[in-house]
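Reviewing the structure listed below.
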Amino acid sequence: MSTQYNDTIRKYSHGWKTWHSDSVLSHVHIPDGVGVRLFVKDYSISPLLENLYLSYQNPETSGDARAAACAYDGSYTDLTVTWRKSVIRIQTALDGDDLVMLVTPIQKPYRTAALLVSGIVLWNSEGSVERNGDTLMLNMASGATPVYTTAPVINEPHMRMTAPYLAITLENEVGISTGKKRTLDEIQALIAQGRAKWEANKAQYGDWSEPYNAMQTSIAWNTIYAADIAAPVTPVSRQWTASFNGGYLLFCWDTYFCSMMEAFDNKALAYSNAITLTSHVDDVGFVPNFAGPNHYSSYDRSQPPVGSMACLWIYKRHKDEWFLREVYDRLVRWNQWWMDNRLTENGLLTWGSTPFPPINGSNLESENVNNWQGAAFESGLDNSPMYDGVEYDDQRHQFLLDDVGLTGLYINDCYCLAEIARILGDTEKAEMLEKRAAFIEENMESLWDEETGMYLNRRTNTGAFDHRLTPFHFHALFSRRTKGERAERMVREHLLNPEEFWGDCVLPSVARNDPAWADNFYWRGRVWGPMNFLVYMALREHGMEDVRKELAIKSRDLLMPEWLEKGHVHENYSSAEPTGCAHGSDCFYHWGSLLCFIGLLEHEENNL
């Protein structure tokens, strides 16, 4: 990695933040890897409240956490936790290199709960924790740091704890501070300062301040520290990371979209996620569907090629040419991989799954490899009705389908990568990529159906068009050959058609007049932030400011009610009624905030 990258990441990866993937009740000091973790003991039940992920929670069995704020720089966080009959608000702020915490009981159980303040040493870091009377001592590589409380410490030995801790009766508001002992008044004042800074930052977005807060909070709470690469990364949700044996897990297009949102006002996080993800090209020649430490990856399949679009957008936001140099060669390899592995006999693109020898012996290395489901996973649309009945060729490792959505995204990838090449002075590669895009554009013209007024998927084994429509079909708008009448027809006759995609809850993942829309499950009818966002990005190629503004407002209005009521940013939302709380929808998944990002871009560019 370049010196610029290392300096940028080192500067951001310092100090107290919510780095630990297992619990949002942990605050860890980097680079030491030592920190403080809160636990709650409810005397009506033996287990402790310890692991909180901000998704799939149950107040009676695993606790529930509602996030109100999390500043990227760790200067302020605000979280309300429900654990059985207890409701507890936890706010944090910084005072230089010290952490302060304010714990406020809002609702108390029959017997007042106990708050445990424990020390933790993570990632096999050098350090230790010890208790010295009423003080907890964090022995870090950078020096010893004491932890104090404003409430009396009680003797509560009956805990399944393996690290030293301080126990406090949570009768009244409690302050916790590191570095030096502070009074409750002093801690309250520091919390108020942190909150004021957070309020001022989001206020600059006017009517879009709360959508901005939803975006920042969902990203910042899901950002953790990857100790193997000494960098911050942003998994889609902490729950996903936990379900894959800790560490971290990055999904392909999810992470690129997240890096674009982060680049809105935090280039360090954007650079870290985009570069970390793109570096996995070194292992397999493409950006995998998912990747994590210990060579844990999808070696058979990729995901939608949005990396060049994301990296170009990040560069235009911050103008650091060194960032493009970090990703350029790998993006070129990934672009070529599609041509070598997913090109159909008609010179178009399709999804697939290529067999490979297992690396770790994981079930995911043997299940759904070189079959229909593996190819559907590569599309990112795991159960989309668009692929119902499509045959899979296990010799070519491909769907027997010319896919409009993938083809449009690939055309955009070529043009974005060509622009990157020109910025970096690689004229020869830029010209090659522009010719490649034109070649694919020419071939995609055969998918235009004049009667339908749409580019359609085509079965390569029969030559028949498939008239089932999804938002992915609008990726054809990335082709420069759709300018003018065809783009207008696609938008007017289909996108804005309430019988297909328009309405109060947009955009459904399959047209409303499709029988599969009634399933309203996952990619069979639900609304997804990435689908809306990619359609928005395609519309930008054609102007269409009025349509973009409507899409931005409708997207925001779908997300905000549950954010304001419950602190949820959902993985997906119903297209029949404005809710995300349904089976198959993680309630704190960062790409849901793409529904806000669309409007933030329009607000910035067109004063929405």
Side-chain angles (χ1 to χ4, degrees), residues 253 303-306 308-309 335 338-339 342-344 346-351 378-381 384-387 390 399 401-418 433-460 463-497 500-502 506-511 514 523 528 530-544 547-548 551:
W253 63 330
Q303 259 195 333
V306 298
S308 296
M309 175 188 72
N335 182 277
W338 289 101
M339 294 294 287
R342 300 295 187 255
L343 198 67
T344 73
N346 298 318
L348 295 164
L349 278 297
T350 194
W351 309 105
E378 182 169 77
S379 74
L381 316 178
S384 172
M386 182 164 48
Y387 303 122
V390 174
F399 274 151
L401 185 75
D402 291 322
D403 192 283
V404 170
L406 172 56
T407 299
L409 287 178
Y410 186 74
I411 289 168
N412 189 50
D413 186 77
C414 289
Y415 279 129
C416 289
L417 193 50
L433 289 162
E434 288 161 355
K435 289 178 181 177
R436 178 173 290 177
F439 167 75
I440 301 294
E441 285 177 320
E442 174 64 28
N443 295 337
M444 196 176 75
E445 287 303 289
S446 66
L447 300 183
W448 175 257
D449 182 59
E450 180 64 26
E451 182 178 355
T452 306
M454 198 70 164
Y455 290 85
L456 301 175
N457 289 348
R458 180 175 60 203
R459 307 291 179 93
T460 57
F465 279 146
D466 190 332
H467 287 79
R468 175 164 259 164
L469 299 181
T470 75
F472 260 42
H473 285 72
F474 296 105
H475 298 172
L477 293 170
F478 285 117
S479 171
R480 296 176 181 180
R481 299 191 60 156
T482 62
K483 299 285 186 181
E485 182 181 350
R486 285 191 178 179
E488 292 172 4
R489 282 196 67 186
M490 292 168 66
V491 172
R492 183 178 67 254
E493 296 178 20
H494 299 284
L495 181 65
L496 300 181
N497 183 348
E500 293 184 2
F501 295 104
W502 215 236
V506 299
L507 299 165
S509 49
V510 66
D514 189 299
W523 297 100
W528 293 76
M531 280 191 158
N532 284 23
F533 180 68
L534 285 173
V535 170
Y536 168 78
M537 293 299 286
L539 291 172
R540 286 166 64 104
E541 299 295 315
H542 302 265
M544 299 192 176
V547 179
R548 285 160 40 190
L551 178 59

Point to revise | Pairs touching residues 470-484 that satisfy salt bridge (charged side-chain N to carboxylate O under 4.0 Å, His left out), sequence neighbours left out | key: Glu442-Arg481
Check your understanding: Minimum heavy-atom separation for Ser379 to Pro304, with atom names?
Key -> O-CG, 3.2 Å
Review point. Judged by atom type as modelled, is there a donor-acceptor pair below 3.5 Å linking the side chain of Asn497 to the main-chain atoms of Glu493?
Key: yes
**Study point:** Under 3.5 Å: donor-acceptor pair, side chain of Trp523, backbone of Gly380
**Key:** yes
Check your understanding: What closest approach, in Å, do Trp448 and Phe465 show between heavy atoms, and which atom pair accounts for it?
Key -> O-CZ, 4.1 Å
Exercise for review: Would you indicate whether the side-chain heavy atoms of His467 and Glu451 approach each other to under 4.5 Å?
Suggested key: no
Practice item. Check the angle between the aromatic planes of His475 and Phe472 and answer parallel, tilted or perpendicular using the 30° and 60° thresholds. Key: tilted
Exercise for review: Drop me the distance from Phe439's CZ to Leu348's CG, to the nearest 0.5 angstrom.
Suggested key: 8.0 Å
Point to revise | Heavy-atom donor-acceptor pair, Asp403 side chain to Leu349 backbone, under 3.5 Å | key: no
Point to revise | Sidechain-backbone polar pair: Ser479 side chain, Ala476 backbone, donor-acceptor under 3.5 Å | key: no
Check your understanding: Does a side-chain heavy-atom distance below 4.5 Å link Leu409 with Leu534?
Key -> yes
Check your understanding: Just by distance, do the side chain of Tyr410 and the backbone of Asn335 share a donor-acceptor pair under 3.5 Å?
Key -> yes
**Study point:** Contact summary for Trp528 and Ser509, nearest pair of heavy atoms
**Key:** CD1-CB, 4.1 Å
Review point. Got a second to check how far Cys414's SG is from Phe478's CZ, nearest 0.5 Å?
Key: 12.5 Å
Practice item. Given side chain to side chain contact (heavy atoms under 4.5 Å, CB included), test Asp402 with Thr460 step by step and report yes or no. Key: CA-CA 6 Å; Asp402 291 322; Thr460 57; 3.5 Å; yes
Review point. Measuring from Met544:CE to Tyr536:OH, what's the distance to the nearest 0.5 Å?
Key: 13.5 Å
Review point. Does any non-hydrogen side-chain atom of Leu496 lie less than 4.5 Å from one of Val547?
Key: yes
Review point. If only atom types and distance count, is the side chain of Ser384 paired as donor or acceptor with the main-chain N or O of Met386 below 3.5 Å?
Key: yes
Check your understanding: If you measure from CD1 on Ile411 to CE on Met444, what distance do you get to the nearest 0.5 Å?
Key -> 4.5 Å
Practice item. With rounding to the nearest 0.5 Å, note down the distance linking CH2 in Trp502 to CG in Leu551. Key: 5.0 Å
Check your understanding: Considering residues at least two apart in sequence or located in another chain, which fulfil the ring-ring contact (aromatic ring centres under 6.0 Å, His included) criterion with Phe501?
Key -> Phe474
Review point. Hey, are the side chains of His542 and Thr482 touching, using non-hydrogen atoms and a 4.5 Å cut-off?
Key: yes
Review point. Quick one: does Arg458's side chain get under 4.5 Å of Leu447's, heavy atoms only?
Key: yes
Check your understanding: So, for Thr350 and Glu378, which heavy atoms are closest and what is the spacing to 0.1 Å?
Key -> O-OE1, 4.5 Å
Practice item. Look only at the side chain of His473 and the backbone of Met490, and say whether a donor-acceptor pair between them is shorter than 3.5 Å. Key: no
Check your understanding: Can you find a heavy atom in the side chain of Thr407 that is under 4.5 Å from one in the side chain of Asn443?
Key -> no
Review point. Would a distance-only check, ignoring hydrogens and angles, find a side-chain to backbone donor-acceptor pair under 3.5 Å from Asp466 to Arg468?
Key: yes
Check your understanding: Got a donor-acceptor contact below 3.5 angstrom from the Asn532 side chain to the Val506 backbone?
Key -> yes
Point to revise | Short N-O contact, Arg492 and Glu485, less than 4.0 angstrom | key: no
Check your understanding: Does the Asp449 side chain pair with the main chain of Leu456, one donor and one acceptor, at a distance under 3.5 Å?
Key -> no
Study note, to complete from the structure: Interatomic distance, CZ@Arg489 vs NE2@His494, rounded to 0.5 Å, equals 6.5 Å
Practice item. Would you mind reporting whether Pro305 and Leu406 have side-chain heavy atoms less than 4.5 Å apart? Key: yes
Point to revise | Donor + acceptor pair across side chains of Glu541, Tyr415 (<3.5 Å) | key: no
Revision key, fill the gap. Correct closest heavy-atom pair for Pro471 and Val535 would be O-CG2, 3.7 Å
Point to revise | Side chains of Leu343 and Ile440 in contact at under 4.5 Å (non-hydrogen atoms) | key: yes
**Study point:** Heavy-atom closest contact (Trp338 atom, Gln303 atom, distance)
**Key:** CZ2-O, 3.2 Å
